[in-house]
There are 2 protein chains.
Amino acid sequence: MLDQPTDVAACASAPLAGGLDVDAATALAQTLKALADPARLRLLSLVAGSSTGEACVCDLTGPLGLSQPTVSHHCKVLVDAGFLTREKRGVWAYYAVIPGALHTLADVLGSAAVPADGRAASTARA
Amino acid sequence: MLDQPTDVAACASAPLAGGLDVDAATALAQTLKALADPARLRLLSLVAGSSTGEACVCDLTGPLGLSQPTVSHHCKVLVDAGFLTREKRGVWAYYAVIPGALHTLADVLGSAAVPADGRAASTARA
DNA sequence: CCGAGGCATCGACAGGCGTCAATCTCCCAG
DNA sequence: CTGGGAGATTGACGCCTGTCGATGCCTCGG
């Protein structure tokens with residue numbers, strides 16, 4: 001299978017123009033970047049696994065082994081990325097996972113995972 | 001480094017011990033971090049959308065607008081994360097997406113995203 | 001009204017990561 | 001055997017980010 005001597009221009013001829021455009025890739029990367037952190041993954045898991053489905057910052061600092069400002073920062077990132085909701089009740093701020101947020105992301109990744117043969121991915125709108 | 005929880009027992013009684021453990025979270029975060037980059041997302045998309053399902057580095061530098069070392073670096077990251085395969089044929093190195101890699105990741109995220117009603121993913125499924 | 005406590009914000013620091021220029025290695029063509 | 005080209009590696013630089021201590025805000029209890 002090494003018979004493309006004349007077609008050596010394969011490297012330069014294929015336009016390869018498909019795929020996500022720059023801003024779509026940037027947006028998806030930012031969403032993924034919000035999850036690409038052990039502390040935030042564990043934080044999400046703790047909140048999701050809570051008996052009431054929500055947790056305040058002081059509940060998370062212990063299990064996570066992080067300081068209160070750091071936990072607050074991670075919560076803000078996850079809220080900003082659309083994975084958590086923040087509800088201030090009295091002195092405490094309760095965070096809860098947004099149902100379907102992770103599933104939506106999983107669906108985007110799964111739909112992009114069908115290369116099949118006819119360039120299925122392309123612009124897989126979010 | 002690892003501090004010992006002094007058991008402040010602040011506001012809630014729930015110990016919140018569930019969730020992913022540290023190493024699982026770290027591993028998943030590392031996989032996600034490999035995808036959390038616009039250049040790598042577009043690279044994957046370009047390779048997956050290629051007519052032959054594979055592409056060499058010199059095919060990617062143009063569409064990505066990145067230098068050859070940078071593209072090679074991103075390819076290495078994706079190969080290391082289990083999203084791409086590398087096959088050296090002659091002078092060129094052809095990269096192809098591993099079928100099911102993205103789907104597996106999507107499945108992990110999706111399964112963790114089903115809190116159903118109470119606690120869901122991870123441990124303690126009663 | 002005043003003290004206490006939870007949380008967000010600020011400033012600072014260290015580490016990681018993306019990027020490129022320069023260089024090296026390897027393989028093929030002649 | 002020699003030249004050329006593709007790709008990987010190295011070193012350096014700058015930006016981004018995770019982390020913490022200190023501090024301010026805001027709400028509740030007394």
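Proteins get letters first, then strands, A, B, ... in listed order; numbering begins at 1 in each.
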Worksheet item: Just by distance, do the side chain of A:Ser50 and the backbone of A:Leu46 share a donor-acceptor pair under 3.5 Å?
Response: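 Not at all, since once roles are kept as given, no pair shorter than 3.5 Å links the two residues.
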Worksheet item: Side chain of A:Thr26, backbone of A:Val22: donor and acceptor closer than 3.5 Å?
Response: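 Checked: pair present.
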Table of protein N/O atoms under 3.5 Å from nucleotides 20-24 of chain C N/O atoms:
residue: C:dC20; atom: OP2; partner: B:Ser67; partner atom: N; Å: 3.0
residue: C:dC20; atom: OP2; partner: B:Ser67; partner atom: OG; Å: 3.0
residue: C:dC20; atom: OP2; partner: B:Thr70; partner atom: OG1; Å: 2.8

Worksheet item: Which residue pairs satisfy the side chain to side chain donor-acceptor pair (under 3.5 Å) criterion with at least one member in residues 62-72 of chain B, sequence neighbours excluded?
Response: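 Every side chain to side chain donor-acceptor pair (under 3.5 Å) pair that includes a residue of residues 62-72 of chain B, provided the two are not neighbours, is B:Ser67-B:Thr70.
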Check residues 74-81 of chain A and write down every donor-acceptor pair under 3.5 Å in which the side-chain atom is one partner and the other belongs to a residue at least two apart or another chain.
residue: A:His74; atom: ND1; partner: A:Arg40; partner atom: NH1; Å: 3.1

Worksheet item: Choosing from C:dG18, C:dC7, D:dA8, which nucleotide comes nearest the side chain of B:Asp37?
Response: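 Closest nucleotide among those given: C:dG18.
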Worksheet entry | Selection from D:dA8, C:dA8, C:dC17 that lies nearest to any side-chain heavy atom of B:Lys33 |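 Given the options D:dA8, C:dA8, C:dC17, the side chain of B:Lys33 is closest to C:dC17.
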Could you state the [atom1]-[atom2] distance from [X] to [N], rounded to the nearest angstrom?
X	N	atom1	atom2	answer
A:Arg42	D:dT19	CZ	C1'	15 Å
B:Trp92	D:dG4	CH2	P	17 Å
A:Asp59	C:dG6	CG	C1'	11 Å
A:Gln30	D:dC16	CD	P	12 Å
A:Leu43	D:dT19	CG	C1'	15 Å
B:Leu32	C:dG16	CG	C1'	17 Å

Worksheet entry | Student check: side-chain heavy atoms of B:Leu102 and B:Val97 closer than 4.5 Å |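 Contact flag for B:Leu102/B:Val97 side chains = no.
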Worksheet entry | Residues from residues 73-83 of chain A lying under 4.0 Å of DNA chain C - heavy atoms |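 Contacts with DNA chain C under 4.0 Å: A:Lys76.
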Restricting to nitrogen or oxygen on both sides, can you table the protein-nucleotides 24-30 of chain D pairs closer than 3.5 Å?
none

Worksheet entry | Rounded to 10 degrees, the angle between the two terminal axes of the helix from C:dC1-D:dG30 to C:dG30-D:dC1, each from five pairs |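 Answer rounded to 10°: the end axes differ by 20°.
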Counting only side-chain N and O atoms of [X], is one of them less than 4.0 Å from OP1 or OP2 of [N]?
X	N	value
B:Arg86	D:dG7	no
B:Tyr94	D:dA6	no
B:Tyr95	D:dA8	yes

Item to complete: For A:Ala39 and for B:Ser72, locate the closest nucleotide of DNA chain D by heavy-atom distance; then report the residue assigned to the nucleotide nearer the 5' terminus.
Response: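 Result: B:Ser72.
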